[in-house]
Protein chains: 2
Amino acid sequence: MKDGPTIAEIAALIGDPARANMLMALMSGMALTAGELAREANITAQTASGHLARLAEAHLILREVQGRHHYFRLAGQDVAGALEGLMELAARHGGLRARPGPRDAAMREARVCYDHLAGTQGVRLHDAVLRQGLVVATVDGLGLSPAGRARFAAEGIDIAAVERPGRPACRACLDWSERRHHLAGRLGAALLQNFQQRGWARRDEGGRTLRFSRAGQAGFENFLAVTVAAPQPIYGG
Amino acid sequence: MKDGPTIAEIAALIGDPARANMLMALMSGMALTAGELAREANITAQTASGHLARLAEAHLILREVQGRHHYFRLAGQDVAGALEGLMELAARHGGLRARPGPRDAAMREARVCYDHLAGTQGVRLHDAVLRQGLVVATVDGLGLSPAGRARFAAEGIDIAAVERPGRPACRACLDWSERRHHLAGRLGAALLQNFQQRGWARRDEGGRTLRFSRAGQAGFENFLAVTVAAPQPIYGG
DNA sequence: CTGTTGTTTCGGCCGCGCCCGAAGCATTCG
DNA sequence: CGAATGCTTCGGGCGCGGCCGAAACAACAG
């Protein structure tokens, strides 16, 4: 009698704290074993097994069996997108009562959030590109300014690819450890890739922590420090 | 000890069938009364009242009291976006076992889905712009082609506004009655607005059904029929 | 004032589903 | 082969939350 499909079932799957914690852990983009995910969610292995089976059956995650280990990862970009949408809603109001961030100091400093830079350095990057006017606030979100296009192109970023539709070029993603926004979207992903290709930073083996090299730290600092001649206006009001 | 905020609470709110049905009803973009929403969800007024209070407390919906009627509407674009993300996931796999579409023939023909055209005509629009190469598939989603920019600009669409970041310019949104995609995103919203401004179609009083005028039907048909000289290639993939 | 309609609050029933203990497979190692 | 590890299935306890009936509250009509 009503339209509307089984969106409720999907949301109910994500709506359980244990499952939500596992999905958030998988937002790092890595594949994790059932045991690791059970520990992430603070539940026993049996309980986790049941949850993972349900998530896999709903095609929210994919299972890959290697020997006696079962690896799980997010089923795709659309799942990550849906989770991001929920994260935005969770962050909007009453974000105060959220739990404290990751304990690991290195992880708090710099880590990967699905495909972009997060942590203290991620927030600094977000603030810097805004302060420099490379990214500007528009009526509803963030966008590249002309100065930003020129600058990022000079840094080796493919601007046409970044501004391709289907996914926002720039996006403010809430940082769980910093309680402030870091830079996500296509630009965030392209910049992280760029940093890694330059050898500025590389991912910790089997973790989401990001480690900057000495030269990389210097290059990154230099990147943050550069200022443009005239600050860009905020268009759209 | 874990990061991850209250995303589970948000998802759990959407994860109840009754609440999900109410939210889907509000995806029409209209404000509906508590009683109407109770009927949409097939529950009694008391139960609906409790649900609506919880949704409002979580800032997923907004309440507006007029006399003895309480009107509710989605809290904003971000809520609609999160719901769309879940709709995509719900549609991806096993969409077969979903319920039949709206009964009303007129509504099945053309209706408003939040801010864009849905129903048979919405699907036709989606197929037409793709067939004509005005919108092309990219590596991850849909985008405007150069021919599309020219054509839509000629139709009176503000291309710069459509391609502004923060929301995809083009987007395929699953149509519940047709089980196929219709055109959403900024372009979908701009086109619906354009059609209404031209007097081609107008919204049914107090409903989401869209009624085309005789001239509007002709103009729309003409719009769909036009073909470009050379079909645009699909880039990126 | 009384009566009607729309909405909310209260109280209690009841079932879904989350959870863990125990046991059963599967894989690897010695 | 038996022991250890990783994961799954089975069974049952139990608590959270959705649901409705009854009643109170609010707005309007007469």
Side-chain angles (χ1 to χ4, degrees), chain A residues 1-2 4 6-26 30-73 97 206, chain B residues 1-2 4 6-26 30-73 97 206:
Chain A
M1 35 190 68
K2 299 238 27 306
T6 55
I7 164 179
E9 300 173 19
I10 301 287
L13 278 176
I14 309 176
D16 175 79
R19 286 191 293 261
N21 279 332
M22 298 197 231
L23 290 171
M24 292 301 294
L26 293 174
M30 301 192 322
L32 300 175
T33 69
E36 289 170 330
L37 289 168
R39 257 170 271 127
E40 284 281 342
N42 290 314
I43 53 180
T44 61
Q46 320 89 285
T47 307
S49 173
H51 285 314
L52 291 169
R54 293 183 59 184
L55 289 174
E57 193 189 10
H59 300 100
L60 292 186
I61 60 177
L62 297 177
R63 159 181 285 154
E64 194 168 343
V65 180
Q66 278 180 17
R68 54 184 171 186
H69 294 276
H70 290 217
Y71 283 92
F72 295 89
R73 62 180 197 276
R97 55 166 183 256
Chain B
M1 34 190 66
K2 298 244 22 309
T6 56
I7 163 179
E9 299 173 19
I10 302 286
L13 277 176
I14 309 175
D16 176 78
R19 287 192 292 261
N21 278 332
M22 297 197 236
L23 290 171
M24 291 303 292
L26 293 174
M30 301 190 324
L32 300 175
T33 69
E36 289 170 329
L37 289 168
R39 257 169 273 126
E40 285 280 344
N42 290 316
I43 53 179
T44 61
Q46 319 91 285
T47 306
S49 174
H51 285 314
L52 291 169
R54 294 184 58 185
L55 289 174
E57 193 189 10
H59 299 101
L60 292 186
I61 60 176
L62 297 176
R63 160 180 283 151
E64 194 169 343
V65 179
Q66 278 181 17
R68 53 183 169 184
H69 293 276
H70 290 218
Y71 284 92
F72 296 88
R73 61 179 198 276
R97 56 165 182 258

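What you are looking at is a predicted structure, and each value in this text was computed from that prediction instead of being measured.
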What's the CD-P distance between A/E64 and D/dC7, to the nearest Å? 14 Å
If you round to the nearest 0.5 Å, how far is CD1 of A/I43 from CE of A/M22? 3.5 Å
Counting only side-chain heavy atoms from C-beta out, which of D/dG18, C/dC18, D/dC20 sits nearest to B/R54? D/dG18
Give me the atom names and distance for the closest heavy-atom approach of A/E36 to A/L32. OE1-CA, 3.4 Å
Could you give the CD-to-P distance, from B/E9 to D/dG17, as a whole number of Å? 10 Å
In whole angstroms, the gap separating P of C/dT9 from CG of B/L52 amounts to 11 Å
Over how many whole Å does the gap from B/Y71 atom OH to C/dT7 atom P extend? 9 Å
Is any side-chain N or O of B/H70 closer than 4.0 Å to OP1 or OP2 of C/dG6? no
Closest to the A/T47 side chain: D/dG18, C/dT27, C/dC20? C/dC20
Phosphate OP1/OP2 of C/dC18 contacted by A/R19 side-chain N/O (<4.0 Å): yes
Nucleotide of D/dC19, C/dT4, C/dC19 approaching B/D16 most closely (side-chain heavy atoms): D/dC19
So do the side chains of A/L37 and A/L26 get within less than 4.5 Å of each other, counting heavy atoms only? yes
With a 4.5 Å cut-off on side-chain heavy atoms, are B/L23 and B/L13 touching? no
For A/E57 and D/dT9, what is the distance between atoms CD and C1' respectively, to the nearest whole Å? 15 Å
What is the nucleic acid contact for B/A45, judged by heavy atoms within less than 4.0 Å: base, sugar-phosphate only, or nothing? base
Please determine whether a side-chain nitrogen or oxygen atom of A/S49 lies at a distance below 4.0 Å from atom OP1 or OP2 of D/dC7. no
Over how many whole Å does the gap from B/L55 atom CG to D/dG17 atom C1' extend? 14 Å
Does B/R68 get its side chain close enough to the base of C/dT7, under 3.5 Å, for a donor-acceptor pair? no
To the nearest angstrom, how far is A/I43 atom CD1 from C/dG17 atom C1'? 13 Å
Just the rounded figure in Å: distance from C1' of D/dC28 to NE2 of B/H69. 10 Å
4.5 Å side-chain heavy-atom contact, A/R63 and A/V65: yes
Which of D/dC7, C/dT8, C/dC20 is nearest the side chain of B/F72? It is C/dT8
Closest to the side chain of A/H51, out of C/dT8, D/dT9, C/dC18, is C/dC18
